[in-house]
Amino acid sequence: MYKVAAIGGDGIGPEIVDAGRVVLDAAGERYGFDIDWTDFDIGADRYLATGELLTEDDLKELSAFKSIYFGSIGDDRVKPGILEKGILLGLRFHFDQYINLRPVRMLAGTQTPLAGKGPEDIDFLVVRENTEDFYVGIGSRFSGKEHRDLEVVRDIYSIKFGLDVESDSEEIAYQIGIISREGSSRVMEYAFDAAMKREKKVTSVDKANVLSDVYGLWRDVFTETAARYPDVTTEFNFVDAVTMWFVKNPEWFDVVVAPNMFGDIITDLGAMIQGGLGLAPGGNINPQGTSLFEPIHGSAPKYKGMNRANPIATIWAGSLLLENLGEPEAAAAVVDAIVQSIAAKQTTVDLGGTLGTREAGAWIADAIRNK
Ligand code: IPM
Ligand code: MN
């Protein structure tokens with residue numbers, strides 16, 4: 001018996017999580033485990049009613065779970081950033097989910113915009129650092145005399161750019177990215193361990209040619225970690241170049257390890273080359289603690305409640321959840337059943353089928369039960 005917390009969230013979130021739950025329950029029936037689901041009412045509706053994003057009670061209750069199955073957040077009635085930072089980033093940081101695992105894998109039967117590339121070419125894992133970099137939330141905006149509050153910024157601006165920082169018309173903003181040895185080393189170890197079970201190649205992504213302090217440290221830690229895995233081939237790519245290679249030669253990649261913000265950006269590109277955002281799953285993993293599994297797409301408010309959204313990204317995220325629980329067979333069966341549903345055109349309309357969210361999920365669940 002596994003206890004799993006479910007947070008549907010906003011927009012299409014509740015529908016896709018419901019579809020995923022049916023699939024994971026079917027996997028449990030077939031592979032001999034039960035999932036005991038607990039629903040959490042967290043999201044825009046509650047925020048608008050009570051002003052609460054994540055409460056102390058939420059966090060305390062959630063900490064009793066190893067897994068959180070998460071839909072999506074984001075709602076037109078709330079200013080962008082509030083729910084994202086208050087809920088999703090809040091959970092990732094609170095539970096120190098330092099790995100953001102994002103498989104980029106083209107499933108048989110799907111289409112990629114990259115002519116001539118197929119499922120054998122597009123199959124890699126992005127391991128995104130998930131707690132540091134520009135996501136630490138340290139920054140500010142200043143104008144006029146307030147500049148003097150931050151001497152470093154004042155000095156840099158007056159010396160480098162000749163800016164008159166005393167003038168009220170000047171305004172500046174800064175945001176600090178932090179990389180730590182500990183923070184990068186734990187995510188790199190995860191990446192190298194993952195590569196040992198795959199093609200034994202790890203590509204590090206950074207921008208050390210310009211942001212040489214933060215990503216210089218990142219590179220050093222990468223080199224040191226690599227030394228402990230002599231069987232693994234390694235490579236450095238600058239983030240701008242990696243976007244080019246993802247499109248031109250996706251077959252080069254096996255495991256890609258990236259700092260938080262670059263990881264965010266390149267995994268949307270990864271989602272696109274694997275066939276679209278409707279197919280891309282993500283895991284926010286703390287190997288010793290509470291992990292959260294979600295589609296990497298957002299809440300698509302305009303499709304809310306229409307039973308139209310493609311549940312595959314969420315169902316695949318459920319497969320990552322099962323893998324993390326130590327059920328690799330059931331996890332693989334979920335992905336196989338997804339592929340079967342695509343081959344049989346038993347999908348939502350975006351993939352050429354005619355099914356609703358619920359029906360597409362139920363078809364995949366049946367395929368697992370009948371395996
Ligand atoms: C993602 C999203 C989030 C991120 C947002 C919603 C905070 O884009 O999961 O990729 O930037 O990490
Ligand atoms: Mn993103």
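One-based numbering, in listed order, for ligands and for the atoms of each.
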Just the distances, no angles: every ligand 1 N or O to protein N or O pair closer than 3.5 Å, one line each.
residue  : atom   : partner : partner atom : Å
ligand 1 : 8 (O)  : D264    : OD1          : 3.3
ligand 1 : 9 (O)  : R92     : NH2          : 2.6
ligand 1 : 9 (O)  : R102    : NH2          : 2.8
ligand 1 : 10 (O) : R102    : NH1          : 3.1
ligand 1 : 10 (O) : R102    : NH2          : 3.1
ligand 1 : 10 (O) : R128    : NH1          : 3.4
ligand 1 : 10 (O) : D264    : OD1          : 2.8
ligand 1 : 11 (O) : Y135    : OH           : 2.6
ligand 1 : 12 (O) : R92     : NH1          : 2.7
ligand 1 : 12 (O) : R128    : NH1          : 3.2
ligand 1 : 12 (O) : R128    : NH2          : 2.8

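- With sequence neighbours excluded, the residues satisfying ring pair (Phe, Tyr, Trp, His ring centres under 6.0 Å) with Y215 are F262.
- Using a 4.0 Å cut-off between a side-chain N of Lys or Arg and a carboxylate O of Asp or Glu, K302 and D76 do not qualify as a salt bridge.
- At a cut-off of 2.8 Å, D268 is not counted among the residues with an N, O or S atom near the Mn ion (ligand 2).
- The Mn ion (ligand 2) is closest to atom OD1 of D264 (considering only N, O or S atoms).
- Using a 30° and 60° split on the angle between ring planes, F124 and F246 fall in the tilted class, from 30° to 60°.
- Residue-environment remark: CD (E56) stays at or below the threshold of 12 foreign heavy atoms within 6.0 Å.
- Judged by distance alone, the side chain of S299 and the main-chain N or O of I12 form no donor-acceptor pair under 3.5 Å.
- Between W252 and W245, the ring planes lie tilted relative to each other; the angle falls in the 30° to 60° range.
- Between the side chain of Y69 and the backbone N or O of T314 there is at least one donor-acceptor pair closer than 3.5 Å.
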